[in-house]
Amino acid sequence: MIFESPSNSFEWMIFLAQKYSSMFAKGTWLTLYIAVTGTLLGFVLGYIVGIVNDIKLNEGDTVIKKFLIRIMKVIFTVYVEVFRDTPMIVQAMIVYFGTRQMGFENLTPVFAGIVVTVLNTGAYMGETVRAGIGSIDLGQREGAWAMGMSPFKTMLYVVLPQAFRNIIPEMANTFLTNLKMTSVLNVIAVQELFMAAKTVGGNYYKYFESYLVIAVIYFVLCFVFDKLFKLIEKKMQGKTDYALAIEYMDNQ
């Protein structure tokens, strides 16, 4: 075979990709698993954070409600600031080694990686959701309240669907960022794509070629998901030919 004795970087890339295809495949699968799971759960956490931070207290609210809401706002504000202002690689070290030191020795690196991804995503998405909710015209809420809808139903059926559509681009960017940032989880021994390249490169001391292989994999993954998110965003925007329809009806 021509690649039994590679003579240049390109041939080394092909050789390593073929010989260690199963290792790269497992690393890719684990990268996707952590990124997808962590991002989806992080979106849920981010929506909770954003909704709570958007709650407005009224004079008629009970003391207990005001106290609980304010406590939750303080907790979420501290949480968002901590995770937005510290590197994810440091968060991974603290979560994994810190929890094991506290007695949770059965905590696996993969689970710790998912927890870090969820918390990191929730912190960033919380601010995004709050901004998305704020972008919805207040008149729509007031109209819903005038129709007898409760604040909860107004948020659920009127505000959030529109806010979701507005923040889809940021959600896509967050997922793509998580897909790439899983590479830092190698510091807690998560066998994701970067760790696979590091291991393969060490077998032949061909780190450059090994990292080029995963660079191609990362590019393909991000390119495909980026196009997919843009397609979803386009579908969510709905039709753009309403003016033509009106003109057609006027001409009848």
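All figures in this text were calculated on a predicted structure; none of them were measured in a lab.
Relative ring orientation between Y205 and Y207 is described as perpendicular, the plane-to-plane angle rising above 60° on a 0-90° scale split at 30° and 60°. Note on ring orientation: taking the six-membered ring where Trp is involved, the planes of Y204 and F15 are perpendicular (angle over 60°, cut-offs 30° and 60°).
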Checklist entry - Where do E209 and E11 land on the side-chain contact (heavy atoms from CB on, under 4.5 Å) test, with the steps shown first? => result CA-CA 9 Å; E209 290 79 4; E11 291 185 358; over 6 Å; no
Next on the checklist: Determine whether Q162 and Q140 satisfy the following criterion, side-chain contact (heavy atoms from CB on, under 4.5 Å), listing intermediate values before the conclusion.
Outcome noted: CA-CA 11 Å; Q162 297 180 78; Q140 296 195 35; 2.6 Å; yes
Next on the checklist: What verdict does the side-chain hydrogen bond (donor to acceptor under 3.5 Å, both in side chains) test give for T39 and N178, after you've listed the backbone C-alpha separation in whole Å, the side-chain angles of each residue and the deciding distance to 0.1 Å?
Outcome noted: CA-CA 7 Å; T39 302; N178 287 342; 2.9 Å; yes
Next on the checklist: Working note: D226 + L176, criterion side-chain contact (heavy atoms from CB on, under 4.5 Å); need CA distance, chi angles, decisive distance, verdict.
Outcome noted: CA-CA 8 Å; D226 181 54; L176 294 178; 4.0 Å; yes
Next on the checklist: Checking E127 against V80 for the side-chain contact (heavy atoms from CB on, under 4.5 Å) test, could you report, in this order, the C-alpha distance in whole Å, the side-chain angles of both residues, the deciding distance, and whether it holds?
Outcome noted: CA-CA 8 Å; E127 290 299 292; V80 169; 3.9 Å; yes
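Put simply, the side chain of T62 does not reach to within 4.5 Å of the side chain of K66, judged on heavy atoms. Looking at Y96 and V115, their side chains never come closer than 4.5 Å, going by heavy atoms from C-beta outward. Looking at heavy atoms from C-beta onward, K206 lies in side-chain contact with L16 at the 4.5 angstrom threshold. Between V110 and E192 there is no side-chain heavy-atom pair separated by less than 4.5 Å. By the 4.5 Å heavy-atom criterion applied to side chains, K26 and L30 are not counted as neighbours. Within the 4.5 Å cutoff, the side chain of F229 has no heavy atoms near those of the N173 side chain. Put simply, the side chain of L160 reaches to within 4.5 Å of the side chain of Y47, judged on heavy atoms.
Remark: F97 CZ is packed, more than 12 non-hydrogen atoms of other residues, nucleotides or ligands lying under 6.0 Å away. By the neighbour-count criterion of 12 heavy atoms within 6.0 Å, atom CG of L231 is densely surrounded, having more than that number from other residues, nucleotides or ligands. Counting non-hydrogen atoms of neighbouring residues, nucleotides and ligands closer than 6.0 angstrom, the NZ atom of K56 exceeds 12 such neighbours. Around CG of N106, the count of heavy atoms belonging to other residues, nucleotides or ligands within 6.0 Å does not exceed 12.
The two residues V200 and S210 make their nearest non-hydrogen contact at CB-OG, 3.8 Å. The shortest heavy-atom contact between V116 and A92 is CG2-CA, 3.6 Å. D54 and K73 get closest at one heavy-atom pair: N-NZ, 4.1 Å. F24 approaches A197 most closely through the heavy-atom pair CE2-CA, 4.0 Å. Nearest approach of V158 to A144, heavy atoms of both residues: CG2-CB, 4.2 Å.
K230 has no carboxylate O lying under 4.0 Å from a charged side-chain N of E233, or vice versa, which leaves the two without a salt bridge.
Of the inter-residue distances, the one linking I55 atom CD1 with K65 atom NZ reads 7.5 Å to the nearest 0.5 angstrom. Atom-to-atom distance recorded for T99:OG1 and F111:CZ is 9.0 Å, nearest 0.5 angstrom. With rounding to the nearest 0.5 angstrom, the CE atom of M125 is 10.5 Å from the CG atom of L45. Between the CE atom in M195 and the CD1 atom in I214 there is a gap of 11.5 Å [rounded to 0.5 Å]. Between N120 atom CG and M88 atom CE the span is 5.5 Å, to the nearest 0.5 Å. From L119, atom CG reaches atom OH of Y79 across 5.0 Å, with rounding to the nearest 0.5 Å.
M171 and F83 are not part of a single hydrophobic cluster, where members link through side-chain heavy atoms under 4.5 Å apart. Cluster annotation: I34 is not connected to L193 through the hydrophobic network of ILVMFWY side chains, with a link wherever side-chain heavy atoms come within less than 4.5 Å. At a threshold of 4.5 Å between side-chain heavy atoms, the hydrophobic network of Ile, Leu, Val, Met, Phe, Trp and Tyr places L107 and Y33 in one connected group. In this structure, L68 is not a member of the same hydrophobic cluster as M155, with clusters built from ILVMFWY side-chain heavy atoms closer than 4.5 Å. I51 and V78 end up in different hydrophobic clusters when Ile, Leu, Val, Met, Phe, Trp and Tyr side chains are linked at under 4.5 Å.
Screening F225, F43, Y124 against F175 for a ring-ring contact (aromatic ring centres under 6.0 Å, His included) leaves a single residue, F225.
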Side-chain atoms of residues 182-190: list all donor-acceptor pairs with protein atoms under 3.5 Å, sequence neighbours left out, distances to 0.1 Å.
from	atom 1	to	atom 2	distance (Å)
T182	OG1	L179	O	2.9
S183	OG	K180	O	2.8
N186	ND2	S183	O	2.5

